[in-house]
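Values reported hereafter were calculated over all heavy atoms of this structure, with side chains retained and with hydrogens, waters and symmetry mates removed.
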Amino acid sequence: MWRPFFQPYHLIIVQDGDPSKTIKVPEGFDYELYNRNDINRILGPKASCISFKDSACRCFGYMVSKKKYIYTIDDDCFVAKDPSGKDINALEQHIKNLLCPSTPFFFNTLYDPYRDGADFVRGYPFSLREGVPTAVSHGLWLNIPDYDAPTQLVKPLERNTRYVDAVMSIPKGTLFPMCGMNLAFNRDLIGPAMYFGLMGDGQPIGRYDDMWAGWCTKVICDHLGLGVKTGLPYIYHSKASNPFVNLKKEYKGIYWQEELIPFFQSVSLPKECTTVQKCYIELSKQVKAKLGKVDEYFNKLADAMVTWIEAWDELNPSGEKSVAALPNGPAK
């Protein structure tokens, strides 16, 4: 199903679990395949920051990629159809979202003003109509929604059939639950912040990898004057994961997030933080200072955040570090 959409592009496949198993990739794709042995070989001791037996391991692919735009997708996601029955080219829509500015400083009631047939509505300040660069494009899902375990348990048969033809900028100062199932981002603008944390094997929590990355990324985007969009494109999410297994993974996260969200809502990054890396290191310090008392896990996570940035900079020595902090208005 994905061949006509993915074949022209370079794929990075991160194999989770047993590295002795061989994944067979169909012919005709330009790809790199990494398993746990490869991660350990490439990163050495710093491989400790990459999760094992959890979807968080995908962020290793972000680190080794050399491309400007990254699209990440789960293995149970298929091509969706729009209301007319036409296959949706999710990658194309994500790139459109990323190439178009965002408007995080003032909400446009017709959603994306840059789309055909839309514009800025009356009362929208002309000084903000240039928008800001878009760093993240967050897509959605038809069929199985991205629900947590308690919601899955009480709504086991619920399916999403609503196709909403809209893309919108998430306002500055507003957090959101970022799902890594159908997600694209500009690696040059925000790549080092896309760390999916310590999850899965040996960790007290799972299924919060993309959430953690989303909260960190949004706070940094707000500080650096970058935009985050959500809405189109849709993919078809084919299977629901086991809600009882999910509950076991999510239990601490559901409990902890009542403290995590106020933390991220109150985070303030100093104006000296002018690159994503500097922002992320500062964020790791605040995580250790303020969340370390919630659980020892957050001290470990804060250390892993620093290790991640060190590993990123080692593999990307001339990485993009020139984004200027413009907290009071749109980036130029």
Side-chain angles (χ1 to χ4, degrees), residues 5-6 9-14 50 55-74 77 89-104 112 114 131-141 146 167-172 174-197 208-235 264 275-280 283 305 308-309 311-313 315-316 319-323 331:
F5 305 115
F6 286 178
Y9 301 100
H10 182 68
L11 307 183
I12 294 178
I13 302 163
V14 182
I50 305 296
S55 67
C57 70
R58 75 180 69 206
C59 64
F60 175 76
Y62 311 158
M63 186 186 279
V64 295
S65 173
K66 301 302 175 199
K67 303 294 185 181
K68 181 174 182 177
Y69 298 110
I70 305 263
Y71 176 47
T72 180
I73 185 171
D74 281 13
C77 293
N89 186 342
L91 191 53
E92 179 184 46
Q93 181 63 51
H94 275 300
I95 297 299
K96 283 181 178 175
N97 292 348
L98 291 168
L99 289 175
C100 231
S102 294
T103 53
D112 186 353
Y114 306 105
V132 302
T134 302
V136 180
S137 171
H138 178 259
L140 299 174
W141 344 270
D146 185 30
V167 179
M168 62 185 78
S169 296
I170 299 175
K172 181 179 180 180
T174 300
L175 295 171
F176 75 111
M178 188 179 82
C179 172
M181 203 189 313
N182 173 26
L183 177 73
F185 60 93
N186 183 325
R187 185 178 180 277
D188 291 353
L189 288 181
I190 201 65
M194 278 289 177
Y195 175 47
F196 276 44
Y208 271 83
D209 50 336
D210 44 6
M211 299 294 131
W212 181 262
W215 297 329
C216 293
T217 296
K218 185 59 166 65
V219 163
I220 292 171
C221 282
D222 285 352
H223 174 73
L224 293 177
L226 300 170
V228 177
K229 290 181 180 177
T230 187
L232 300 179
Y234 283 88
I235 50 85
F264 280 104
T275 68
V276 176
Q277 282 94 328
K278 285 179 182 175
C279 289
Y280 205 74
L283 200 50
M305 292 167 74
W308 160 265
I309 292 295
W312 181 285
D313 286 345
L315 289 182
N316 303 278
E320 294 285 327
K321 298 182 182 180
S322 59
V323 178

Go through it in stages, so that I can follow the logic: the residues are Met168 and Thr230, the test is side chain to side chain contact (heavy atoms under 4.5 Å, CB included), and I'd like the CA-CA distance, side-chain angles, deciding distance and then a yes or no.
CA-CA 6 Å; Met168 62 185 78; Thr230 187; 4.0 Å; yes
ring-ring contact (aromatic ring centres under 6.0 Å, His included) with Phe196: which of Tyr62, Trp215, Trp212, Tyr208?
Tyr62
Closest non-hydrogen atom pair between Leu226 and Ala135, with its separation
CB-CB, 4.2 Å
In this structure, NE2 of His94 is separated from OG1 of Thr72 (nearest 0.5 Å) by 9.5 Å
Testing the basics here: between Leu175 and Phe264, what is the closest heavy-atom pair and its distance to 0.1 Å?
CD1-CB, 3.6 Å
State, with a plain yes or no, whether a side-chain heavy atom of Phe60 is found less than 4.5 Å away from one of Ile12.
no
Chi angles and distances behind the side chain to side chain donor-acceptor pair (under 3.5 Å) call for Gln93, Asn97
CA-CA 6 Å; Gln93 181 63 51; Asn97 292 348; 2.9 Å; yes
Value for CD (Gln277) from CD1 (Ile220), rounded to nearest 0.5 Å, stands at 9.5 Å
Rounded at 0.5 Å granularity, tell me how far SG in Cys279 sits from NE2 in His223.
4.0 Å
Does some side-chain heavy atom of Leu140 sit less than 4.5 Å from a side-chain heavy atom of His138?
yes
Going through the checks in order, is the side chain to side chain contact (heavy atoms under 4.5 Å, CB included) test met by Ile50 and Val14?
CA-CA 11 Å; Ile50 305 296; Val14 182; over 6 Å; no
Quick one: do His10 and Lys67 satisfy side chain to side chain contact (heavy atoms under 4.5 Å, CB included)? Show the steps, please.
CA-CA 9 Å; His10 182 68; Lys67 303 294 185 181; 3.9 Å; yes
Out of curiosity, Glu92 CD to Leu232 CG, how far, rounded to the nearest 0.5 Å?
12.0 Å
Is a donor on one side and an acceptor on the other found under 3.5 Å between the side chain of Lys229 and the backbone of Pro101?
yes
For Arg58, which of Asp210, Asp74, Asp209 qualifies under side chain to side chain donor-acceptor pair (under 3.5 Å)?
Asp74
Over all heavy atoms of both residues, which pair between Lys218 and Val228 is shortest? Give the atoms and the distance, please.
CD-CG2, 3.9 Å
Contact summary for Met181 and Cys77, nearest pair of heavy atoms:
CG-SG, 3.2 Å
Can you tell me how far apart CG (Asp112) and OG1 (Thr103) are? Round to the nearest 0.5 Å.
7.0 Å
Taking Thr134 for the side chain and Ser102 for the main chain, is one N or O donor matched with an acceptor at less than 3.5 Å?
yes
Between the main-chain N or O of Pro171 and the side-chain N or O of Ser169, is there a donor-acceptor pair closer than 3.5 Å?
no
Looking at every non-hydrogen atom in both residues, tell me the closest pair between Cys59 and Tyr195 and how far apart they are.
SG-CD1, 3.9 Å
Applying side-chain contact (heavy atoms from CB on, under 4.5 Å) to Thr217 and not counting sequence neighbours gives Val136, Ile190, Ala193, Met194, Cys221
All heavy atoms of Tyr114 vs all of Cys100, minimum pair found to be CB-SG, 3.4 Å
Pair Tyr71-Asn182, side chain to side chain donor-acceptor pair (under 3.5 Å): steps then yes or no:
CA-CA 7 Å; Tyr71 176 47; Asn182 173 26; 2.8 Å; yes
Evaluation steps, side chain to side chain contact (heavy atoms under 4.5 Å, CB included), between Tyr280 and Cys216:
CA-CA 8 Å; Tyr280 205 74; Cys216 293; 3.9 Å; yes
Pairwise distance NZ(Lys96) to CG(Leu91) - rounded to 0.5 angstrom:
11.5 Å
Within the distance-only criterion (no hydrogens, no angle test), does the side chain of Lys68 pair as donor or acceptor with the backbone N or O of Arg187 below 3.5 angstrom?
no
Are the side chains of Pro104 and Ile170 in touch, meaning some heavy atoms are under 4.5 Å apart?
no
